2 protein chains.
Amino acid sequence: MNDTSKGRHCYAHPHPAVTTDIALFTIRDGRIEILLVRRAAPPHAGAWALPGGFVEPGECLEDCALRELAEETGIKGVYLEQLYTFGDPRRDPRERVISVAYYALAPLQRVAGAAAGSEAAALAWFAVDALPELAFDHGAIIERALERLRAKLDYSTIAFQFMPRKFTLGELQEVYETILGEPLDKRNFRKRVQAFGLVHPLGEMRRAAGRRPAALYRAAHPERVDIIK
Amino acid sequence: MNDTSKGRHCYAHPHPAVTTDIALFTIRDGRIEILLVRRAAPPHAGAWALPGGFVEPGECLEDCALRELAEETGIKGVYLEQLYTFGDPRRDPRERVISVAYYALAPLQRVAGAAAGSEAAALAWFAVDALPELAFDHGAIIERALERLRAKLDYSTIAFQFMPRKFTLGELQEVYETILGEPLDKRNFRKRVQAFGLVHPLGEMRRAAGRRPAALYRAAHPERVDIIK
DNA sequence: TTGACATGGTGTCATTCATACACTCAAATA
DNA sequence: TATTTGAGTGTATGAATGACACCATGTCAA
C-alpha cells in the first residue's frame with residue numbers, strides 16, 4: 001500500500017495496470033483442451049476468459065501467474081512458461097491494461113478435478129478447436145500459445161509435461177499426434193524416443209480391457225524441458 | 001492524464017511502472033556490438049544501460065520501443081522483436097518497474113552514425129564479449145537476447161537483418177560465423193543459401209582492393225524473417 | 001473353449017541430407 | 001611479372017530420416 005489521500009495510489013506519471021493471464025492446456029480424448037473462466041461482470045460479461053489477474057506489489061510475474069491460477073482454479077504444480085506480453089492500449093475498455101501472458105501444461109490427471117465442482121459453472125474446459133466467445137484479446141493469446149506449443153514439440157521435450165508419472169508409449173504417441181494434428185509412424189516414433197533416451201522403462205505393465213498389456217515408462221527428466229536435436 | 005489533486009495520477013490499486021528496453025545489435029569487424037546509454041542520474045549513475053523508457057498512455061509496446069530508440073539514439077527503421085518481460089519486484093530500487101524487453105538488429109551502415117556525435121559520450125557501442133558495468137538487470141536481458149539470436153540463426157532468415165541492401169556471400173558468411181562463434185565451410189554455406197533461395201544475384205560486382213571482385217546479392221525477402229527448414 | 005478383437009511390439013531397406021575436403025580464378029599491388 | 005587475397009566451384013562418404021507389415025498377448029463374447 002502506497003501513500004495516499006482517500007486510500008488511492010498516486011504516481012507522478014500515469015501507470016498502466018499489469019496482469020498475467022494463463023492459458024492452461026491439457027489433453028483429453030485426443031483433443032487439446034483449455035481451462036477458461038466465465039466472466040460475471042462487465043466488460044464482456046458472460047464471455048469466457050483466461051484465468052489471470054493483477055500483479056501485486058512485491059510479486060514477480062511468474063508468482064503472480066501461479067497465484068492467479070491457484071486462486072481461480074485451485075490448480076497448482078503445473079509447467080509454466082512466459083509466452084508474450086500484450087500491450088495494445090485498447091485491449092481493455094476500462095483502463096490501460098498490459099497483460100503478461102503465460103501458458104501452462106498439465107496431464108489430465110492433475111487437473112481433472114478443476115471445473116468439476118465449479119460453482120455456477122464458472123469454470124470449464126473447452127477443446128481449442130471449439131472455443132466459446134472469448135473476452136478481450138484472449139483468442140489471440142490462445143492462438144499464440146498453441147503456435148508456441150506446436151513449435152516446441154519438434155525440438156524439445158515439452159510433450160512430457162502432458163504425461164502422468166507412468167505412461168505407455170502408445171499414450172505418449174497419442175499426445176504427439178494430438179498436438180501435431182497428424183498421425184505418426186509407430187515404429188519410427190518409438191525408435192526416436194528411445195534413441196534420445198527420453199524415457200525409462202518401469203518394468204511394470206498396464207492391463208487394459210480387451211487388449212494386450214503395455215509396458216509402462218516414466219519421463220527421463222519429468223521436471224525439465226530440454227532442447228533436443 | 002488522469003484526475004488528480006497536485007497533478008498526480010491516482011488509481012484504486014497499486015500500479016507498477018512499465019518500460020521497454022531495447023537491445024540493439026549490429027555486427028562490426030567480426031564482433032557483435034550493442035548500443036548502450038551512459039546513465040547520468042542515480043540509480044546506477046555512470047553505469048551503462050539499454051536504451052528504453054516508460055510506456056506512454058495510448059501507446060502500444062512496440063511503438064514505445066521504437067520511440068525510445070529513436071529518441072535516445074536517433075535510430076529508426078530497424079528490425080524489432082519482443083524478447084521477454086522482466087518483472088522481478090526488486091529490479092529497480094526506486095519503484096516497481098516491469099520491463100518489456102525487445103531486441104533489435106540492424107546493418108552497421110544504418111546505425112553507423114549513432115554514438116559518433118553523441119554529446120558527452122552518452123552513447124556508445126560495445127562488443128558483447130566486453131561489456132562495461134551494466135545498470136539494473138540489463139546484463140541478463142542482453143544475455144537472453146543473444147541466446148534468442150543464436151537460436152534463430154539456425155531456423156530462420158534472421159541473419160539478413162544484419163545485411164545491407166547489397167552484400168557478397170563472403171560478407172553473409174562472416175555474419176553467420178560471428179553470431180555462431182565458429183567458422184563454417186564455404187562451399188556448404190553457399191550451397192545452402194542458394195538451395196533455400198535466400199538470395200538473388202544482382203549481376204553487379206564489388207571491387208575491393210587487392211583481390212578478385214565478388215558478386216553482389218540481395219536478400220530474397222529483406223523485410224521478412226521466415227522460418228526455414 | 002475358442003475365436004474375434006484391439007492394441008502392443010518389433011527391423012530393414014532406400015533415400016535424403018549433412019559433412020568433409022582442395023584447387024583454380026581474378027584483380028590489385030609491389 | 002610474381003605475389004597476395006579472397007572468390008568461386010563439385011564430389012564422395014556416412015548419418016539420419018522415412019516408408020513399410022506382421023506376429024504377440026491379453027480380454028471378452030459367443
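Naming: A, B, ... by sequence-line order, numbering from 1 per chain. As a basis for the values below, the full set of heavy atoms in this structure was taken, side chains included, without hydrogen atoms, waters or symmetry mates. The model shown is predicted, which means the values in this text are computed figures rather than measured ones.
- A side-chain donor-acceptor contact under 3.5 Å links B:Arg148 to the backbone of B:Leu83.
- Taking a cutoff of 4.0 Å between a charged side-chain nitrogen and a carboxylate oxygen, B:Arg224 and B:Asp226 qualify as a salt bridge.
- On the nucleic acid side, DNA chain D has its first and last nucleotide under 4.0 Å of a heavy atom of chain B at D:dT4 to D:dT11, going 5' to 3'.
- DNA chain D is contacted by no residue of residues 149-180 of chain A, taking any non-hydrogen atom closer than 4.0 Å.
- Comparing A:Arg187 and A:Ala208 against DNA chain D, the residue whose closest nucleotide sits nearer the 5' end is A:Arg187.
- Remark: side-chain polar atoms of A:Ser99 are not paired, donor with acceptor, to backbone N or O of A:Phe86 under 3.5 angstrom.
- Within the 3.5 Å criterion, the main-chain N or O of A:Thr168 finds a donor-acceptor partner in the side chain of A:Glu171.
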**Message:** Reading 5' to 3' and counting Watson-Crick or G-U wobble pairs with both distances under 3.5 Å, write the dot-bracket notation for DNA chain C, | for bases paired outside the strand.
**Reply:** ||||||||||||||||||||||||||||||

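- In this structure, B:Arg212 places its CZ atom 6 Å from P of C:dA26, rounding to the nearest Å.
- Put simply, the side chain of A:Lys191 and the base of C:dT10 share no donor and acceptor less than 3.5 Å apart.
- For the pair A:Arg211 CZ and C:dA4 C1', the interatomic distance rounds to 16 Å; values are reported in whole Å.
- Residue-to-nucleotide proximity on DNA chain C shows that, of A:Arg190 and A:Gly210, the 5′-proximal contact is made by A:Gly210.
- Atom CD in A:Glu204 sits about 17 Å away from atom C1' in C:dG8, given to the nearest Å.
- Relative orientation of the B:His138 and B:Phe136 rings is tilted, given thresholds of 30° and 60° on the angle between their planes.
- The residue among A:Leu216 and B:Lys229 whose nearest nucleotide of DNA chain C lies closer to the 5′ end is A:Leu216.
- A donor-acceptor pair is defined here as one N or O able to donate and one able to accept, closer than 3.5 Å; no such pair exists between the side chain of B:Asp137 and the backbone of B:Ala140.
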